[in-house]
Structures are given as C-alpha cells and as structure tokens.
Protein chains: 2
Amino acid sequence: MSSASTPGPPGARPAATTTRGRPPKLDQARTVDVALALLDEVGLDALTMRRLAEAMDVRAGALYRYFATKHELLTAMAEALLADCLDRPLPSPDWSERLAELARRMRSALLSRRDGARVYAGTHSTGRHTLGFADTLIGVLREADFAPDDAARAALTVVNFTLGHTLEEQAARQVTDDGPADPERLREAVTPAQYPHLAPALPVLTSTDFAAHFTFGLRLLIEGLRATGRGPASPGADG
Amino acid sequence: MSSASTPGPPGARPAATTTRGRPPKLDQARTVDVALALLDEVGLDALTMRRLAEAMDVRAGALYRYFATKHELLTAMAEALLADCLDRPLPSPDWSERLAELARRMRSALLSRRDGARVYAGTHSTGRHTLGFADTLIGVLREADFAPDDAARAALTVVNFTLGHTLEEQAARQVTDDGPADPERLREAVTPAQYPHLAPALPVLTSTDFAAHFTFGLRLLIEGLRATGRGPASPGADG
DNA sequence: ACCTGAACACCGTTCAAGT
DNA sequence: ACCTGAACACCGTTCAAGT
C-alpha cells in the first residue's frame, strides 16, 4: 500500500557496494513505513523515537544515523503521505474539475493516517511528492489561462484551506475517551439567548458530513476563481 | 493590553469570601497572561509547565490546581488570543466587507503571539470569545440572506482558510537558526526542468507579503459566495 | 486553601564503545 | 558501517505533607 520515498537528506549514501557484514536493520524508507504504521496505532502525541525504535527492534539512538532529528523523520513522513496523489491521471479536462480533484486527493492523503494533517502542518517537505503536487496544481491553473501570480496565490489558497479543513476534521473525529466529546460540550455552552446565530447552526457545524463541508468550501474557491477571471493580471484593489 | 478571560472550568470557585491567609500567588487569568508572554519569548515547543511555573515563582505542581492538564491551559490561551476580535464595531454595513474584516481580525489575533496559530489549531475552546466570534461570523451571513446551512458552512470555510493561512504564515516567518531557511531550500530543490510551473511561481510563493496572499484567498471566498447567491437553499450538486 | 518536595514514568539526543 | 549502552538534561503529572 504505502511505499515511502526517500527525501534525500544531506549525507545520504547509496546501498553499500558490497554487503559484507550483516545487512542494516534500518533504512530510511522502512523507518518511514513503520513510523506511519505506528502513527495509525498510537497517534502523533505517542509517536516517540523510543517507541518507534522498539517497533523496529533497535535502540533509539540508532534512528539518528538515518534522521538527524525527529522533525526530519516527521518531514519524511509528511512527504510519504502525499505519495499517491499523482499516481493516476486527472480524469477530467475541465480546469475546475481538475483543481477540485487535486484538492480532494490532498484531503484523502492527509486523512489516510491518524493525525496526518498535524504531521503535514508541522513540516515543510521539499521532496518530489510535495513539490510535484504543487507544480501540478499551479499547472492546472496556468493551463486555464490564469495569470502566473494568480495561479500561485490560488494554489496557496486551495492548499491552506485543505490543510485547515483536514486539521479540524481529524480533530473532530478524535475519540476523546475521557470527558464529553466536542459536540456535546458545544451544545452545553451554546445557548440560543447568548448565541442567536450560532445555536441554530450547531447541527450543521457538528455534523460528521465533513465531505459536504469540504465540497462547499472548494466550490466557493472555484466560483471565486471563475469570477476573478483569467488574463495577464488580477483585478487588484480596484476590482 | 491582553487581559485573559476565564473559560470557566468544572471546579471553579469565585474569589474566597474572606481573604484570610495570604492571597494566592496564582489564578487562571494571571497564569494565562504570563503563559502568553512566555509563549512570545520562547515559542510553543519550549513552553513547558515547569518553565511557566518558574516564571510565576511557583513549583510546576501548583499549576494543576488551576488547569487540570497542559492542554486545558493551552485552550484558555487560545480563547484569550481571540479576546480583541469583537472589541470594536465592524465599520462597514456591507456584508462582504464585514466578513473580510472579521477574517482579518482573526488572522491578526493568531499572529499577535508567537505560534499563536499552532496554539489555536491544537485546541477547541468553548469560551465566549471563540463562540462570540463564530456567532458574529454566521450572523453577518444570515443578515445578508444566506441560507442557514450555507451561512454555517461558509463560516467554517473562512475559519479553516484563515487557520491554514496563518499556520503557514507563522511557520514561514520562523527564523531557523541552523540550516538554510525554507525559501533557500526550495530554490535549491525546485529546478525549472522538473517543476516547470512551480519554478516561475517561487518568487510569489516565497514572498513575505502574506497579507497579499490572505487578501487574495479571502476575495476568492467572497466572490464565490456572491456567485453562490442568497436564498433558502444552496444550489447543491446540480449547480 | 494553596503550595512544596519529591517522586513516577517518561522524553529527544549524544557519543564512546563494541562487533 | 551500524548498532548498543549509558548517560544528559529535560518532560507532564500526581500526591502526601507542610503552612
């Protein structure tokens, strides 16, 4: 299913020319794979270098031969998360459908692992999956004749909205074992007298149909792009 | 400047009826204020209960009389972050300008403290500032005749976009003392041959004019709302 | 009532030493 | 070359005991 890519760190050397001596128990790709599996099991807060080392039958210190810091490992995990976003062609020739499909794939990628959005938000990969995704996103807009700066900014907007949405979606899906869950605490706090507009919106806001929320926001962005229009420059402050 | 609000935890009791015995060194509001100041100084990763206790001239254990967990303290901090969003009237009667102003105030609030967006993203306050903000946002859209469900979903979209944007903005502003900063690593990795659309977009994507990015995304959402239109129901999948 | 002291069960990271 | 052992300098949280 998930085969991690190597993000190419500074001191990376290829597989040893001879395999004298026992083969290493560790390598970057396998470590990322096990880390993602462990993430699904225990969540980001419990994903420690010591636990990961245990899962790989090694001592924690050994991990530092492959990742200089825990943050570097998390960056490689974020990069691996996006691995499947571009593995199949975009089905439609229409730019707005292509843009929506890319956003949906990013959302799916972040949701595919527990706390995936938090892992992604905390890192900045410069690996091929992350950069390839950004390139494709901007390309879709450029081919639809949006001005270069508008295409770049629109891509940022789509990515930032998708990140914010999935962060909230995964947080909302969290099973809080102790204490009342989020929706229940909200229903207690939001009295119609104090919050006349928020109270009637609670059923929608606490609904678990996150796909509908995502689709709504995405449509807003796409309709906004349609209204902003194509051409060499965006309408600026006078628009 | 920043006066923290008390989010009203389970066992909260009012100030003692008599002030016999020395007055407490701690209380919720003061703790949140000091925690926010410390956040600005050291950042979220170095904001520990022990450091905070030291800043308040107390032992770490004492903090647990006022906050059951560190997460509860962070929630109170997130709530305090939004304290100034509604302290002055919205200047314009136009719904789109009111919506934009609310989004700008949320962005400013999250940016007002180091790692403010990360603090907000990691918590879910049900305090009056957070709920009041959501209520006002939805109210602006309801008064502009958007359907109840559309108003709720549009508010979610604006909040999630603003969160995603400020998260990235604060991450980008981070001064990484060691190693090359984000833009430099990007310029190294993004070759025009491999990333034909991303490469020419780099100057825009790595520009520090985050306000321009935010304004662009916000305009997209507002134009999208204008296009989606008002009325009793949104156009649904057939639109 | 409010805080201290001390402990419990952990962390990320480093590095000499082994093999 | 790759990993272990052991340490360093921390964490969040709990709770008896002091005042």
Interatomic distance, [X] [atom1] vs [N] [atom2] [rounded to whole Å]:
| X | N | atom1 | atom2 | result |
| --- | --- | --- | --- | --- |
| B:Gln28 | C:dC2 | CD | P | 12 Å |
| B:Asp45 | D:dG12 | CG | P | 11 Å |
| A:Leu63 | C:dT13 | CG | P | 10 Å |
| A:Met49 | D:dT4 | CE | P | 14 Å |
| B:Glu54 | C:dT4 | CD | P | 13 Å |
| A:Tyr64 | C:dA16 | OH | P | 17 Å |
| A:Arg50 | D:dA9 | CZ | P | 15 Å |
| B:Lys70 | C:dC11 | NZ | P | 15 Å |

Considering only side-chain heavy atoms of [X], which listed nucleotide, [options], is closest?
| X | options | answer |
| --- | --- | --- |
| B:Arg65 | D:dT14, C:dC3, C:dT13 | C:dC3 |
| A:Val58 | D:dC3, D:dT13, C:dC3 | D:dC3 |
| B:Arg51 | D:dT4, D:dC11, D:dG12 | D:dC11 |

DNA chain C: 5'-proximal contact among B:Leu26 and A:Ala68 (nearest heavy atom) =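 Of the two residues, B:Leu26 wins.
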For DNA chain C, whose closest nucleotide is more 5', that of A:Ala62 or that of A:Thr48?
->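 Of the two residues, A:Thr48 wins.
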Determine whether B:Leu167 and B:Leu110 make a side-chain contact, defined as any pair of heavy atoms from C-beta on separated by less than 4.5 Å.
->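 They are not in contact (no side-chain heavy atoms under 4.5 Å apart), so the answer is no.
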Which base sits across from C:dT13 as a Watson-Crick or G-U pair, both distances under 3.5 Å?
->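 C:dT13 is paired with D:dA7.
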Tell which nucleotide pairs with D:dA1, taking only Watson-Crick or G-U wobble pairs whose two distances are both under 3.5 angstrom.
->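 Looking at the geometry, D:dA1 pairs with C:dT19.
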Check whether the side chains of A:His124 and B:Glu168 place a donor and an acceptor atom closer than 3.5 Å, and report yes or no.
->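 Per modelled atom types, A:His124 and B:Glu168 side chains form a pair under 3.5 Å.
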Between the side chain of B:Asp40 and the main-chain N/O of B:Arg114, is any donor-acceptor distance below 3.5 Å?
->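 Present.
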OP1 or OP2 of D:dC3 less than 4.0 angstrom from a side-chain nitrogen or oxygen of A:Arg59, does that happen here?
->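 A:Arg59 to D:dC3 OP1/OP2: no side-chain N or O under 4.0 Å.
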Under-4.0 Å side-chain N/O to phosphate OP1/OP2 contact, A:Tyr66 with D:dC3 =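 For D:dC3, OP1 or OP2 has a side-chain N or O of A:Tyr66 closer than 4.0 Å.
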In this structure, which one of A:Thr75, A:Thr130, A:Leu81 forms a side-chain contact (heavy atoms from CB on, under 4.5 Å) with A:Thr123?
->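 Of the listed options, the one satisfying the test is A:Thr75.
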Write down the atom of A:Ala55, the atom of A:Val34, and the distance for their closest heavy-atom approach.
->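 Residues A:Ala55 and A:Val34, closest heavy atoms: CB-CG1, 3.9 Å.
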Determine the interatomic distance between P on C:dA9 and the same-named atom on D:dA9; round to the nearest Å.
->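 Pairwise P distance, C:dA9 against D:dA9, rounds to 23 Å.
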